[in-house]
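A quick write-up on the structure given underneath.
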There are 2 protein chains.
Amino acid sequence: MAYQSESLIAHAREVREASGTSQRALSERAGLTQSHISQIESGKMEPGLSSFIDMTRALDLELMLVPKKLVPAVRGLIKAQATPDMHIRTGQPDNKRFARAERLVKKMKQLDGSSADLDRIEETLRFLRGVNISDQEMQLVRELIARLERYQASAQAAPVVRDIAQSLQRLRNSIAHAGPSEPRPAYSLDDGDA
Amino acid sequence: MAYQSESLIAHAREVREASGTSQRALSERAGLTQSHISQIESGKMEPGLSSFIDMTRALDLELMLVPKKLVPAVRGLIKAQATPDMHIRTGQPDNKRFARAERLVKKMKQLDGSSADLDRIEETLRFLRGVNISDQEMQLVRELIARLERYQASAQAAPVVRDIAQSLQRLRNSIAHAGPSEPRPAYSLDDGDA
DNA sequence: AAATACGATATATTTTTCTGGATTAGGATT
DNA sequence: AATCCTAATCCAGAAAAATATATCGTATTT
């Protein structure tokens, strides 16, 4: 049920997972119960507008009304900042998370069979673990891992996996030689989704 | 009640009024009852997320989650298109709406007393009525008039009236001599609102 | 003056959210 | 093996939203 709000809720969930926030932690900040959030995220119930606002505000997101005509432009803006330039490299690699991710990939490989994309992800993760990585970059990695976790069992996981592999690869490149692997277009046309 | 969603709902309402859609017409397109919409708009009840989505989709709006950090940029984008360049001038002046607006201003003047801003609005409206005006421009005018109607009785109507007067003035200038009265910055910093 | 359109309200019924707490199940950590 | 954290689920009850109609006051139109 609740087909219209599906993608919005999925988006909120992705952000929550990428930020490493648990449902419980979020529930406290947003003033809702964990049970409530679980049901919302799993589509068992439809939140009220204000509940959803509370929830997303606690994730540093703002719910906005955008004229349909400029939805692609806004999407472009958002995507552009989701993969920022990443210069400062200070943080520690967060080995736990990498280990978890590598375990996940291993599991996927033996479940669905090995694939070029999975191999690529595995290798890139190994590389990234050994490198000093900025907080922003680590955040991107977390986001990608969370996506991978979410869609591992999904029917059409393949394109998602491919996208994740590409994103990780680009991150790796931008670190390996801090040169222009791709100029990264600021924001432009961006095919609308569903 | 329902303080978080207030501005979102107000925005939806402004768009509805600017587009000249009645609550009834909207209710049919969105699949809600007119009573329902009235209560939502007047803050007597809090819509469910999906109800609100239905409502705003019917207004050619899309509800999006935007990282707080780029809210100003998105606001800028939206505002920039709300006052577009306006070149094509074909439509008819829509005299009915102008007449209605002028009546409103007259009423306000005798109620709250005359003010420089009201005078300016009155004069600009007279000018605009006599000119060939594009659909887009007419849409802007409608939006401004709707705002005026909404805030006429409000406690702090003054700044709103001033803003409306300014917007109309700018529109008038851009028509009078299609020259650069102001280069209109594409989109940039934009002070957040409430 | 009568008809029409608009938005706000009223009422009654049905449905759903939301809370609160408790529990279950899976992984990960120790 | 035992513990901890996360997410999903269940249950009960209170609160609020959604639906369906109908009416009212006011303005505008004919």
Side-chain angles (χ1 to χ4, degrees), chain A residues 1-2 4-5 9-10 12-14 16-28 30-55 94-108 111 142 145-146 148-150 152-153, chain B residues 1-2 4-5 9-10 12-14 16-17 19-28 30-55 94-104 106-108 142 145-146 149-150 152-153:
Chain A
M1 327 256 160
Q4 317 99 310
S5 36
I9 292 174
R13 174 179 213 152
E14 278 171 20
R16 178 183 66 77
E17 288 175 340
S19 72
T21 318
S22 73
Q23 288 183 345
R24 189 161 275 110
L26 176 60
S27 77
E28 279 155 21
L32 311 172
T33 57
Q34 180 265 330
S35 157
H36 196 184
I37 292 183
S38 169
Q39 285 177 318
I40 291 171
E41 285 189 347
S42 54
K44 301 254 185 291
M45 88 162 45
E46 183 76 7
L49 176 59
S50 61
S51 295
F52 192 63
I53 291 178
D54 290 340
M55 185 173 149
D94 198 347
N95 280 309
K96 291 185 188 177
R97 209 170 288 268
F98 275 113
R100 182 200 187 100
E102 284 169 32
R103 243 175 287 133
L104 172 63
V105 173
K106 198 171 294 180
K107 199 176 77 183
M108 289 177 72
L111 266 177
R142 274 191 303 198
I145 292 174
L148 195 58
E149 252 163 352
R150 284 234 71 224
Q152 61 174 293
Chain B
M1 326 255 165
Q4 316 100 310
S5 35
I9 292 174
R13 173 177 213 153
E14 277 171 21
R16 177 182 67 77
E17 288 175 340
S19 72
T21 318
S22 73
Q23 288 182 344
R24 279 202 170 80
L26 176 60
S27 76
E28 280 155 22
L32 311 171
T33 58
Q34 178 264 329
S35 156
H36 196 181
I37 291 183
S38 169
Q39 286 175 317
I40 290 170
E41 285 189 346
S42 53
K44 301 252 186 293
M45 91 162 42
E46 183 75 7
L49 177 58
S50 61
S51 295
F52 191 62
I53 291 178
D54 289 339
M55 184 172 151
D94 197 347
N95 281 309
K96 292 184 187 175
R97 208 169 290 266
F98 276 113
R100 181 200 188 100
E102 284 170 31
R103 245 175 287 134
L104 172 64
K106 197 170 296 180
K107 200 175 75 180
M108 288 178 71
R142 274 190 303 197
I145 292 174
E149 254 162 352
R150 283 233 72 223
Q152 62 175 292

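The figures that follow rest on heavy atoms only: side chains count, while hydrogens, waters and symmetry mates do not.
Following rounding to the nearest Å, B:R24 (CZ) and D:dA20 (P) show an atom-to-atom distance of 15 Å. Across the protein-nucleic acid pair, A:L49 atom CG and D:dA17 atom P stand 11 Å apart, rounded to whole Å. As rounded to whole Å, 5 Å separates atom P of D:dA7 from atom CD of A:Q23. Taking atom CG of residue B:L32 and atom P of nucleotide D:dT19, one finds them 6 Å apart after rounding to whole Å. Between A:F52 atom CZ and D:dA17 atom C1' the separation is 18 Å, expressed in whole Å. Here D:dA8 presents its C1' atom at 8 Å from NZ of A:K44, a figure rounded to the nearest Å.
Residues of residues 34-42 of chain B that place a heavy atom closer than 4.0 Å to DNA chain D, in numerical order, are B:S35, B:H36.
Counting heavy atoms from C-beta on, the side chains of B:L26 and B:Q34 never come closer than 4.5 Å. A:I9 has its side chain within reach of A:P47: a pair of non-hydrogen atoms, C-beta onward, lies under 4.5 Å apart. With contacts defined as side-chain heavy-atom distances shorter than 4.5 Å, the pair B:I40/A:L49 does not qualify.
Using a 4.0 Å heavy-atom cutoff across all strands shown, A:G31 reaches sugar-phosphate atoms only and no base atom.
Inter-axis angle, ends of the helix from C:dA1-D:dT30 to C:dA28-D:dT3, five pairs per end, rounded to 10 degrees: 40°.
Residues forming a salt bridge (Lys or Arg N to Asp or Glu O under 4.0 Å) with A:E28 (at least two apart in sequence, or on another chain): none. Residues passing the salt bridge (Lys or Arg N to Asp or Glu O under 4.0 Å) test with B:R24, sequence neighbours excluded: none.
Across B:Q4 and A:I53, no two heavy atoms sit closer than the pair CB-CG2, 3.8 Å. For A:A101 against A:I145, the heavy-atom pair with the smallest separation is CB-CD1, 3.4 Å.
Using a 4.0 Å cutoff to heavy atoms of chain A, the contacted part of DNA chain C runs 5' to 3' from C:dT17 to C:dT29.
Between atom NZ of residue B:K44 and atom CD of residue B:Q39 there is a gap of 8.5 Å, rounded to the nearest 0.5 Å. Expressed to the nearest 0.5 Å, how far OG of A:S50 lies from CG of A:L32 amounts to 8.5 Å.
Salt bridge absent: A:K106 and A:E102 never bring a charged side-chain N and a carboxylate O closer than 4.0 Å. Comment: B:E17 does not engage B:R142 in a salt bridge, judged by the lack of any side-chain N to carboxylate O separation of less than 4.0 angstrom.
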Polar atom pairs (N or O), protein with nucleotides 26-30 of chain D, under 3.5 Å:
| from | atom 1 | to | atom 2 | distance (Å) |
| --- | --- | --- | --- | --- |
| D:dT28 | OP1 | B:R103 | NH1 | 3.0 |

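Side-chain polar atoms of B:T33 and B:S35 form no donor-acceptor pair below 3.5 angstrom.
When each of B:E41, B:R16, B:H36 is tested with B:M55 by the rule side chain to side chain contact (heavy atoms under 4.5 Å, CB included), just one qualifies, namely B:E41.
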